[in-house]
Amino acid sequence: MRRNNHGFSLLEALVALVILSLTFSGVWGFFGTAAQSTTRIEEALALPAAFEQYLDYMTLESLQQQRSGKMGVGEFQFAWQANVNRQSNKEIYRRQRERVVTLFDLDVLILKEERLISEVSTQIVRQWKDPNYVPPPSFQ
(Lines give C-alpha, C1' and ligand atoms only; values in the text may rest on other atoms or scores of the structure.)
Protein backbone atom coordinates (compact mmCIF):
# COMPACT_ATOMS: atom_id res chain seq x y z
CA MET A 1 0.00 0.00 0.00
CA ARG A 2 1.33 3.30 -1.03
CA ARG A 3 0.55 6.54 0.79
CA ASN A 4 0.51 10.01 -0.81
CA ASN A 5 2.29 12.71 1.17
CA HIS A 6 0.53 15.66 -0.44
CA GLY A 7 -0.18 18.08 2.43
CA PHE A 8 -0.66 18.15 6.17
CA SER A 9 -2.59 15.79 8.34
CA LEU A 10 -5.43 17.15 10.45
CA LEU A 11 -3.36 16.85 13.62
CA GLU A 12 -0.46 18.80 12.12
CA ALA A 13 -2.82 21.57 10.97
CA LEU A 14 -4.40 21.83 14.46
CA VAL A 15 -0.98 22.04 16.16
CA ALA A 16 0.08 24.77 13.72
CA LEU A 17 -3.13 26.73 14.39
CA VAL A 18 -2.66 26.50 18.17
CA ILE A 19 0.93 27.74 17.88
CA LEU A 20 -0.11 30.60 15.59
CA SER A 21 -3.01 31.61 17.84
CA LEU A 22 -0.75 31.74 20.92
CA THR A 23 1.80 33.80 19.04
CA PHE A 24 -0.81 36.24 17.70
CA SER A 25 -2.49 36.64 21.09
CA GLY A 26 0.84 37.67 22.61
CA VAL A 27 1.53 40.09 19.78
CA TRP A 28 -2.04 41.44 19.96
CA GLY A 29 -1.60 42.11 23.69
CA PHE A 30 1.62 43.97 22.98
CA PHE A 31 -0.07 46.15 20.35
CA GLY A 32 -2.95 46.89 22.74
CA THR A 33 -0.53 48.00 25.45
CA ALA A 34 1.40 50.10 22.93
CA ALA A 35 -1.82 51.80 21.77
CA GLN A 36 -2.82 52.63 25.36
CA SER A 37 0.66 53.96 26.10
CA THR A 38 0.55 56.12 22.99
CA THR A 39 -2.81 57.59 24.06
CA ARG A 40 -1.52 58.36 27.56
CA ILE A 41 1.66 59.94 26.18
CA GLU A 42 -0.38 62.16 23.84
CA GLU A 43 -2.57 63.23 26.80
CA ALA A 44 0.50 63.94 28.93
CA LEU A 45 1.95 66.14 26.16
CA ALA A 46 -1.30 68.06 25.57
CA LEU A 47 -2.27 68.53 29.23
CA PRO A 48 0.21 71.30 30.25
CA ALA A 49 -0.95 73.64 27.49
CA ALA A 50 -4.61 72.95 28.31
CA PHE A 51 -3.91 73.54 32.02
CA GLU A 52 -2.27 76.89 31.21
CA GLN A 53 -5.43 77.94 29.35
CA TYR A 54 -7.50 76.82 32.32
CA LEU A 55 -5.35 78.91 34.69
CA ASP A 56 -5.81 81.93 32.41
CA TYR A 57 -9.56 81.38 32.63
CA MET A 58 -9.43 81.14 36.43
CA THR A 59 -7.58 84.47 36.71
CA LEU A 60 -10.71 86.10 35.25
CA GLU A 61 -13.10 84.26 37.60
CA SER A 62 -13.89 86.49 40.62
CA LEU A 63 -15.31 83.62 42.74
CA GLN A 64 -17.52 86.13 44.57
CA GLN A 65 -20.77 84.42 43.58
CA GLN A 66 -19.85 81.41 41.47
CA ARG A 67 -17.81 78.84 43.39
CA SER A 68 -17.88 75.89 40.97
CA GLY A 69 -18.06 75.23 37.27
CA LYS A 70 -16.88 73.38 34.22
CA MET A 71 -14.69 74.51 31.39
CA GLY A 72 -13.61 72.77 28.21
CA VAL A 73 -10.18 73.23 26.68
CA GLY A 74 -9.69 71.18 23.55
CA GLU A 75 -10.42 67.57 24.39
CA PHE A 76 -10.14 68.14 28.16
CA GLN A 77 -12.90 69.08 30.60
CA PHE A 78 -11.99 70.93 33.82
CA ALA A 79 -14.54 70.58 36.63
CA TRP A 80 -13.60 72.90 39.48
CA GLN A 81 -14.88 73.71 42.96
CA ALA A 82 -13.68 76.58 45.17
CA ASN A 83 -14.21 76.48 48.95
CA VAL A 84 -13.49 79.39 51.28
CA ASN A 85 -10.50 78.71 53.50
CA ARG A 86 -10.14 82.17 55.09
CA GLN A 87 -11.90 85.47 54.54
CA SER A 88 -10.71 88.88 55.74
CA ASN A 89 -14.14 90.08 56.93
CA LYS A 90 -14.30 87.07 59.28
CA GLU A 91 -10.88 87.70 60.86
CA ILE A 92 -10.38 89.34 64.27
CA TYR A 93 -8.06 92.00 62.89
CA ARG A 94 -8.82 93.41 59.47
CA ARG A 95 -6.29 95.59 57.66
CA GLN A 96 -8.16 96.38 54.48
CA ARG A 97 -11.69 97.47 55.39
CA GLU A 98 -12.80 98.48 51.88
CA ARG A 99 -12.12 95.10 50.32
CA VAL A 100 -12.82 91.48 51.16
CA VAL A 101 -9.76 89.29 50.63
CA THR A 102 -10.50 85.57 50.43
CA LEU A 103 -8.28 82.50 50.30
CA PHE A 104 -9.94 79.63 48.43
CA ASP A 105 -9.10 75.94 48.32
CA LEU A 106 -9.48 75.02 44.65
CA ASP A 107 -10.12 71.39 43.66
CA VAL A 108 -9.97 70.55 39.95
CA LEU A 109 -10.90 67.31 38.18
CA ILE A 110 -9.42 66.96 34.70
CA LEU A 111 -11.50 64.69 32.46
CA LYS A 112 -11.29 63.46 28.90
CA GLU A 113 -14.41 61.85 27.47
CA GLU A 114 -15.81 61.37 31.01
CA ARG A 115 -12.60 59.53 32.03
CA LEU A 116 -10.62 60.99 34.95
CA ILE A 117 -7.16 62.07 33.81
CA SER A 118 -5.93 63.89 36.91
CA GLU A 119 -6.92 65.72 40.09
CA VAL A 120 -5.33 68.99 41.20
CA SER A 121 -5.73 70.81 44.51
CA THR A 122 -4.34 74.30 45.03
CA GLN A 123 -5.13 77.61 46.70
CA ILE A 124 -6.11 80.88 45.08
CA VAL A 125 -6.66 84.40 46.46
CA ARG A 126 -9.39 86.76 45.28
CA GLN A 127 -10.56 90.15 46.46
CA TRP A 128 -13.56 92.39 45.84
CA LYS A 129 -15.16 95.51 47.25
CA ASP A 130 -16.92 94.96 50.55
CA PRO A 131 -20.63 95.70 50.03
CA ASN A 132 -20.98 96.49 53.76
CA TYR A 133 -18.16 99.03 53.85
CA VAL A 134 -19.12 102.49 55.06
CA PRO A 135 -16.46 105.13 54.48
CA PRO A 136 -15.48 107.18 57.50
CA PRO A 137 -16.89 110.70 57.61
CA SER A 138 -14.59 113.37 56.29
CA PHE A 139 -14.04 116.37 58.54
CA GLN A 140 -13.35 119.66 56.85
Side-chain angles (χ1 to χ4, degrees):
M1 202 170 186
R2 201 170 132 171
R3 197 171 159 187
N4 288 338
N5 286 334
H6 295 293
F8 297 105
S9 69
L10 182 58
L11 183 60
E12 291 170 329
L14 285 174
V15 168
L17 284 174
V18 167
I19 291 171
L20 281 174
S21 67
L22 290 175
T23 304
F24 284 134
S25 67
V27 170
W28 188 258
F30 171 75
F31 283 131
T33 303
Q36 282 181 338
S37 296
T38 301
T39 302
R40 294 228 165 103
I41 290 169
E42 288 172 349
E43 288 171 356
L45 290 174
L47 190 56
F51 193 72
E52 285 294 324
Q53 288 182 14
Y54 165 73
L55 289 177
D56 290 343
Y57 166 79
M58 284 307 291
T59 58
L60 302 174
E61 207 46 65
S62 74
L63 301 178
Q64 188 173 359
Q65 276 86 28
Q66 185 176 354
R67 303 281 168 90
S68 65
K70 288 186 177 183
M71 180 206 174
V73 177
E75 56 195 19
F76 297 103
Q77 184 80 17
F78 293 86
W80 58 273
Q81 168 114 26
N83 299 309
V84 175
N85 185 321
R86 291 179 68 183
Q87 199 163 18
S88 64
N89 60 352
K90 307 270 193 283
E91 297 290 323
I92 295 171
Y93 177 73
R94 186 172 175 189
R95 289 183 172 184
Q96 184 71 287
R97 300 206 176 275
E98 299 144 12
R99 302 189 74 71
V100 176
V101 180
T102 307
L103 174 67
F104 290 98
D105 293 326
L106 187 63
D107 298 316
V108 184
L109 298 177
I110 305 171
L111 308 162
K112 181 180 176 185
E113 299 170 357
E114 302 300 321
R115 181 175 53 90
L116 181 65
I117 301 295
S118 184
E119 294 181 51
V120 178
S121 294
T122 188
Q123 291 184 319
I124 191 168
V125 175
R126 291 290 180 266
Q127 62 178 328
W128 54 83
K129 287 187 177 184
D130 189 349
N132 300 323
Y133 174 71
V134 178
S138 61
F139 299 104
Q140 292 183 2

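The figures here come from the full heavy-atom set of this structure, side chains too, leaving out hydrogens, waters and symmetry mates. Not measured: the values here are computed from a predicted model.
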Side-chain heavy atoms of [X] within contact of [Y], under 4.5 Å:
| X | Y | result |
| --- | --- | --- |
| Glu43 | Arg115 | yes |
| Val15 | Ile19 | yes |
| Asp107 | Glu119 | no |

[atom1] of [X] to [atom2] of [Y]: how many Å apart, nearest 0.5 Å?
| X | Y | atom1 | atom2 | answer |
| --- | --- | --- | --- | --- |
| Asp130 | Glu98 | CG | CD | 9.5 Å |
| Phe51 | Ile117 | CZ | CD1 | 14.0 Å |
| Trp28 | Thr33 | CH2 | OG1 | 12.0 Å |

Could you report the tightest heavy-atom contact between [X] and [Y], atom names first, then the distance?
| X | Y | answer |
| --- | --- | --- |
| Leu116 | Ser118 | CD1-O, 3.5 Å |
| Arg126 | Thr59 | NH2-CA, 3.4 Å |
| Val100 | Arg94 | CG2-NH2, 3.8 Å |
| Met71 | Gln53 | CE-O, 4.1 Å |

Should [X] and [Y] be counted in the same cluster of Ile, Leu, Val, Met, Phe, Trp and Tyr side chains packed under 4.5 Å apart?
| X | Y | value |
| --- | --- | --- |
| Leu111 | Phe76 | no |
| Tyr57 | Val73 | yes |
| Val101 | Leu103 | yes |
| Val125 | Val108 | no |

*Taking the inter-plane angle between the rings of Phe78 and Tyr54 on a 0 to 90° scale, is it parallel (under 30°), tilted (30 to 60°) or perpendicular (over 60°)?*
parallel

*May I ask you to say whether Glu42 pairs ionically with Lys112, meaning some side-chain N is under 4.0 Å from a carboxylate O?*
no

*asked:* For Glu113, I'd like to know if atom CD has over 12 heavy atoms of other residues, nucleotides or ligands within 6.0 Å.
replied: no

*asked:* Assess the residue pair Thr102 and Trp128 against the criterion (side-chain contact (heavy atoms from CB on, under 4.5 Å)); give the C-alpha distance rounded to whole Å, side-chain angles, the decisive distance to 0.1 Å, and a yes or no.
replied: CA-CA 9 Å; Thr102 307; Trp128 54 83; 3.4 Å; yes

_Stepwise side-chain contact (heavy atoms from CB on, under 4.5 Å) check, Leu109 with Gln81_ = CA-CA 9 Å; Leu109 298 177; Gln81 168 114 26; over 6 Å; no

_Test side-chain contact (heavy atoms from CB on, under 4.5 Å) applied to Asn132 and Asn89, step by step_ = CA-CA 10 Å; Asn132 300 323; Asn89 60 352; 5.7 Å; no

*State, without any angle test, whether Asp105 and Asn83 hold a side-chain donor-acceptor pair at a distance under 3.5 Å.*
no

*Residues two or more places apart in sequence or in another chain: which of them pass side chain to side chain donor-acceptor pair (under 3.5 Å) with Glu52?*
none

_Pairs where residues 64-74 contributes a residue and the test side chain to side chain donor-acceptor pair (under 3.5 Å) is met, not counting sequence neighbours_ = none

*Dump the intermediate steps for side-chain contact (heavy atoms from CB on, under 4.5 Å) on Leu106 and Met58, then the final yes or no.*
CA-CA 10 Å; Leu106 187 63; Met58 284 307 291; 4.0 Å; yes

